[in-house]
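Below is one structure, written out as structure tokens; comments come after it.
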There are 2 protein chains.
Amino acid sequence: MTTTDETRAPRPAGRPRSAKAEKAIIEATLDLISESVSLSELSIEAVAARAGVGKTTIYRRWSSKEDLVVDALAVLKSPLPPLAGRSVREDLITCLEIMRREASDTRSRCVMNIAMNEAERHPRLVERILRATVRPRQEAMRALLQRGVETGELRADLDLPIAMAMVVGTVMWYVKTAGSGEAGADSETLTERLVDHILAGLVPR
Amino acid sequence: MTTTDETRAPRPAGRPRSAKAEKAIIEATLDLISESVSLSELSIEAVAARAGVGKTTIYRRWSSKEDLVVDALAVLKSPLPPLAGRSVREDLITCLEIMRREASDTRSRCVMNIAMNEAERHPRLVERILRATVRPRQEAMRALLQRGVETGELRADLDLPIAMAMVVGTVMWYVKTAGSGEAGADSETLTERLVDHILAGLVPR
DNA sequence: TCGTTGCGAAACTTTGCCGTATCGAAAACG
DNA sequence: CGTTTTCGATACGGCAAAGTTTCGCAACGA
């Protein structure tokens with residue numbers, strides 16, 4: 001083919017693509033997603049304007065809005081937290097503190113919003129989110145509770161699906177309703193109080 | 001003014017407005033709202049097409065999309081359930097069974113979706129929903145738990161906001177995740193099992 | 001220096017919905 | 001009968017955004 005047999009480095013000729021522009025596009029996309037209710041409200045034009053970039057630069061990199069959103073959301077992926085494993089209570093506090101913080105963060109929240117609301121319109125995108133983010137956390141939570149049952153820290157007759165809903169649902173709903181109304185005054189002990197209220201129903205009598 | 005002094009019955013001349021068309025418009029609006037993620041996706045044209053009605057017929061009755069949505073959602077309002085008041089457990093089962101049923105119904109669910117997601121874009125509409133539907137139920141739930149504390153059925157040191165989040169959040173999250181996956185097989189006892197798991201953490205030790 | 005590719009800006013066509021107007025038919029009244 | 005109003009249908013101008021193309025300039029390798 002060419003004079004040199006470069007398989008590893010195709011050495012594209014011409015001006016290289018600007019990493020700065022790409023970064024700005026991703027950031028603008030995340031901003032606009034978290035400001036909008038649904039993905040259909042996200043317009044490429046708005047992304048270009050917010051990023052200070054030509055539309056061409058976006059279309060050259062991503063062929064569809066969905067592809068752009070996938071790459072943008074990938075930036076947000078925080079790894080599963082390491083769990084000390086010393087006690088169910090301690091691990092629950094760790095998990096719920098992270099959940100609470102993420103549920104309060106505009107950008108992190110939009111991942112769950114998309115996963116919950118756009119399943120019919122963007123099934124492949126939602127499936128990717130479920131596979132990469134939601135289900136691993138669900139599984140970690142399930143394992144955490146399961147282990148608690150085995151060690152005797154939790155009731156032997158625990159209904160796992162219900163217990164998981166209790167843990168996650170309580171935190172999500174509390175953040176959404178009580179919100180950040182009472183500011184950060186007692187937010188340090190909030191997670192502990194949540195865990196203790198929830199655990200009270202899950203430990204053996 | 002006219003020959004007869006009719007104040008009560010203005011007797012509008014001409015062809016009366018079709019109640020059937022109005023019904024069809026409301027129904028089409030509810031259908032389309034529950035199919036869409038956000039209110040901005042609801043188009044008058046789509047409502048007219050779905051209802052088999054001319055756009056004129058809609059604009060003649062409602063001056064804005066928001067007005068139409070308000071009238072449409074009003075159809076869904078189910079009254080607050082009467083609570084027997086014999087025990088916290090019994091009343092909780094009553095409430096949660098209704099919540100579970102409504103959270104599983106596409107049309108009822110969209111009321112909460114709007115209330116949770118459209119606050120910034122349609123503040124007046126959301127405020128109406130909060131006033132008419134959400135807050136009365138919140139208050140009923142608060143009173144129910146408060147009464148339980150006073151009668152000694154619930155722990156004296158109960159954190160009411162957290163307890164409310166536990167009750168509502170658990171049901172909402174369970175329906176959303178477990179969903180209607182296991183069909184209606186054990187759905188008869190599901191509400192009871194939910195209540196008993198939640199209550200275990202709220203009753204005195 | 002030259003060829004190639006990326007860049008931002010702008011113009012372009014297409015699409016979808018808005019809100020209004022117009023039309024002939026239909027349904028009430030006197 | 002006529003009058004009045006609503007009906008469904010259709011067409012209109014206007015707007016916003018989509019996605020494409022063109023343009024002149026910038027940045028790289030050869």
Side-chain angles (χ1 to χ4, degrees), chain A residues 1-29 31-33 35-69 71-72 121-122, chain B residues 1-6 8-29 31-33 35-69 71 121-122:
Chain A
M1 321 294 182
T2 55
T3 48
T4 51
D5 224 11
E6 304 269 15
T7 321
R8 276 293 169 191
R11 300 187 176 271
R15 175 177 176 174
R17 294 191 175 173
S18 160
K20 190 161 62 178
E22 189 147 331
K23 180 85 176 169
I25 293 170
I26 296 287
E27 288 296 310
T29 303
D31 281 352
L32 291 172
I33 288 181
E35 287 171 14
S36 54
V37 179
S38 75
L39 279 188
S40 65
E41 294 173 16
L42 180 72
S43 78
I44 300 290
E45 303 234 359
V47 173
R50 174 79 64 114
V53 143
K55 281 195 290 180
T56 346
T57 308
I58 300 180
Y59 283 116
R60 192 176 294 120
R61 290 170 161 80
W62 295 278
S63 58
S64 76
K65 192 158 71 179
E66 199 164 298
D67 288 349
L68 171 59
V69 172
D71 282 2
R121 225 160 296 254
H122 304 276
Chain B
M1 324 314 180
T2 54
T3 47
T4 52
D5 224 13
E6 304 269 16
R8 278 291 170 189
R11 299 186 176 271
R15 173 176 177 173
R17 294 191 174 173
S18 160
K20 190 162 61 180
E22 190 148 331
K23 182 84 176 170
I25 294 169
I26 296 288
E27 288 296 310
T29 304
D31 281 352
L32 291 172
I33 288 181
E35 286 170 14
S36 56
V37 179
S38 76
L39 279 187
S40 66
E41 294 172 17
L42 180 72
S43 76
I44 300 291
E45 303 232 359
V47 173
R50 173 79 63 112
V53 143
K55 279 196 293 178
T56 335
T57 309
I58 299 181
Y59 281 115
R60 194 175 291 121
R61 289 168 162 80
W62 295 278
S63 58
S64 76
K65 189 159 73 180
E66 202 163 295
D67 288 350
L68 171 60
V69 171
D71 282 3
R121 229 159 291 254
H122 302 276

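Heavy-atom basis, side chains included; hydrogens, waters and symmetry copies ignored. Just so we're on the same page: letters track the sequence lines, and every chain starts at 1.
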Rounded to the Å, how far apart are A/I25 CD1 and C/dG8 C1'? 11 Å
Taking the side chain of A/R17 as heavy atoms from C-beta outward, which of C/dC7, C/dA28, D/dT4 is closest to it? C/dC7
Applying salt bridge (Lys or Arg N to Asp or Glu O under 4.0 Å), run through A/E35 and B/R121 and close with a yes or a no. CA-CA 10 Å; A/E35 287 171 14; B/R121 229 159 291 254; over 6 Å; no
Distance, nearest 0.5 Å, that separates CD1 of A/I58 from NZ of A/K65: 12.0 Å
Length of the line joining B/E66:CD and C/dC18:P, which is rounded to integer Å: 15 Å
Give, for atom CG of A/L68 and atom CD of A/E66, the distance between the pair rounded to the nearest 0.5 Å. 11.0 Å
With A/V47 as partner, the option from A/V53, A/D31, A/I33, A/T29 fulfilling side chain to side chain contact (heavy atoms under 4.5 Å, CB included) is A/T29
If I take atom CG from residue A/L32 and atom CZ from residue A/R50, how far apart are they, to the nearest 0.5 angstrom? 4.5 Å
Between CD1 on residue A/I25 and CD on residue A/E27, distance to nearest 0.5 Å: 11.5 Å
Would you give a per-nucleotide map of nucleotides 16-24 of chain D, 5' to 3', where B means the base has a protein non-hydrogen atom under 4.0 Å away, S means only the sugar-phosphate does, and - means neither? -SBBB----
Spacing between B/I58 atom CD1 and C/dC18 atom P, to the nearest angstrom: 9 Å
Whole angstroms only, please: what is the CZ-P distance between A/R61 and C/dT5? 15 Å
One should read off an interatomic distance between A/H122 NE2 and A/L39 CG, to the nearest 0.5 angstrom, of 4.5 Å
Closer to the 5' end of DNA chain C via nearest nucleotide, is it B/R15 or A/T57? A/T57
Using salt bridge (Lys or Arg N to Asp or Glu O under 4.0 Å), reason through B/R60 and B/E22 one step at a time and then give a plain yes or no. CA-CA 11 Å; B/R60 194 175 291 121; B/E22 190 148 331; over 6 Å; no
Value rounded to 0.5 Å, distance of OH in B/Y59 from CD1 in B/I44: 5.0 Å
Kindly point out which of D/dT6, C/dT4, C/dA27 is positioned nearest to the side chain of A/A13? C/dT4
Examine D/dC7: is either OP1 or OP2 under 4.0 Å from a nitrogen or oxygen in the side chain of B/R60? Give yes or no. yes
For residues 47-54 of chain A, which residues have at least one heavy atom under 4.0 Å from DNA chain C? A/G52, A/V53, A/G54
